Trainee: 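Take this structure first; my questions come after.
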Amino acid sequence: MSNLPRTTRGNTGGRGTRSASSAAPDLRSLAQLAAAVCLMLMASGLSTARALEAEPLDKTRLDVERLPPEALPLERDKYHVGWHVRAELGGQGFAGGIGRIAGAGPVAHVALGYELTHWFLLALDFGLGMHEGNAPPPPAASTFQTYTALAQARFTLPLGAQSALWLSADGGAGMLSGDFLQTWGFNRAGKIGLVYGGALGFDWHFLNPHHSIGLKAAGHLYPNLVARNDDERSVAIEGTAYLKYVF
């Protein structure tokens, strides 16, 4: 009878000792795991910071999408200069001279040039126009074409980082084809003659450093397009829209 209580007390005390000793390793394991996680997070943050410091911001390009807007101020000096091509499409009509027997028609231009600075460029412009005659018969109504090859000196006045006005002086040669023009007294229509004049335009530059678009209004005198017994000169007036690419 007296041995039972002593055995019970001894067994109970043994179980309590084992529970306390097993709880201590669990707490140490959790602490070690938490410390490992903290070290991993710190190492990841340091590696990210080093990567950002190793790659400085590129402030010389306009087409870097990863840069915030404030990191790259828009300036006209960042646009490309040098060789360029230009394509134009629009309409053309004549005032005076041959304009009395010719209607307006479409005109297209292709130009190749070199932009020395942002405010001055030189170019060669090749143009083709198509017109329908509206003179009373005979002869029957027909069509004729204009061909021009002009050298251009263009001066640009920037209005902002993306917009500019420009003025050009043009000079070169041109001719007209069409049999009915000689019938109406324009004997030199089929021969190469002097063409000169100028143009005024507006240019809008995209954020891309190569491309711009614009509008142009031009007037060119054809001294050789004079009818017999008449001294009225022929002036071609045109309006075009263009796309320009700078290499």
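All values below were derived from every heavy atom in this structure, side-chain atoms included, with hydrogens, water molecules and symmetry-related copies excluded. Source: prediction; values computed, not measured.
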Trainee: For residues T156 and H118, report the shortest heavy-atom separation together with the two atoms involved.
Mentor: CB-O, 3.7 Å
Trainee: Within the side chain of S234, is there an N or O that forms a donor-acceptor pair under 3.5 Å with the backbone of I98?
Mentor: yes
Trainee: Out of curiosity, L150 CG to H109 NE2, how far, rounded to the nearest 0.5 Å?
Mentor: 8.0 Å
Trainee: For L215 and W166, which heavy atoms make the closest approach, and how far apart are they?
Mentor: O-CZ2, 4.4 Å
Trainee: To the nearest 0.5 angstrom, please state how far the NZ atom of K244 sits from the NE2 atom of H211.
Mentor: 12.0 Å
Trainee: Return the OG to CE distance between S177 and M130, rounded to the nearest 0.5 Å.
Mentor: 9.5 Å
Trainee: For L167, does the CG atom sit with more than 12 other heavy atoms under 6.0 Å from it, leaving out its own atoms?
Mentor: yes
Trainee: Check the surroundings of atom OH in Y196: do more than 12 heavy atoms from other residues, nucleotides or ligands lie under 6.0 Å from it?
Mentor: no
Trainee: Do the ring planes of F94 and Y222 sit parallel (below 30°), tilted (30 to 60°) or perpendicular (above 60°)?
Mentor: perpendicular
Trainee: Could you grab the distance from atom CZ of R86 to atom CD1 of I213, nearest 0.5 Å is fine?
Mentor: 14.0 Å
Trainee: For the atom pair CD (E238) and OG1 (T146), what is the distance rounded to the nearest 0.5 Å?
Mentor: 8.5 Å
Trainee: Return the orientation label for the W119 and F155 ring planes: parallel under 30°, perpendicular over 60°, tilted otherwise.
Mentor: parallel
Trainee: R233 and L221: which non-hydrogen atoms are nearest, and at how many Å?
Mentor: CB-CD1, 3.6 Å
Trainee: Can you name the nearest heavy-atom pair linking F247 to H210, along with the distance?
Mentor: C-ND1, 4.1 Å
Trainee: Please find the pair of heavy atoms, one from T240 and one from V107, that lie closest to each other, and give the distance.
Mentor: CG2-CG1, 3.9 Å
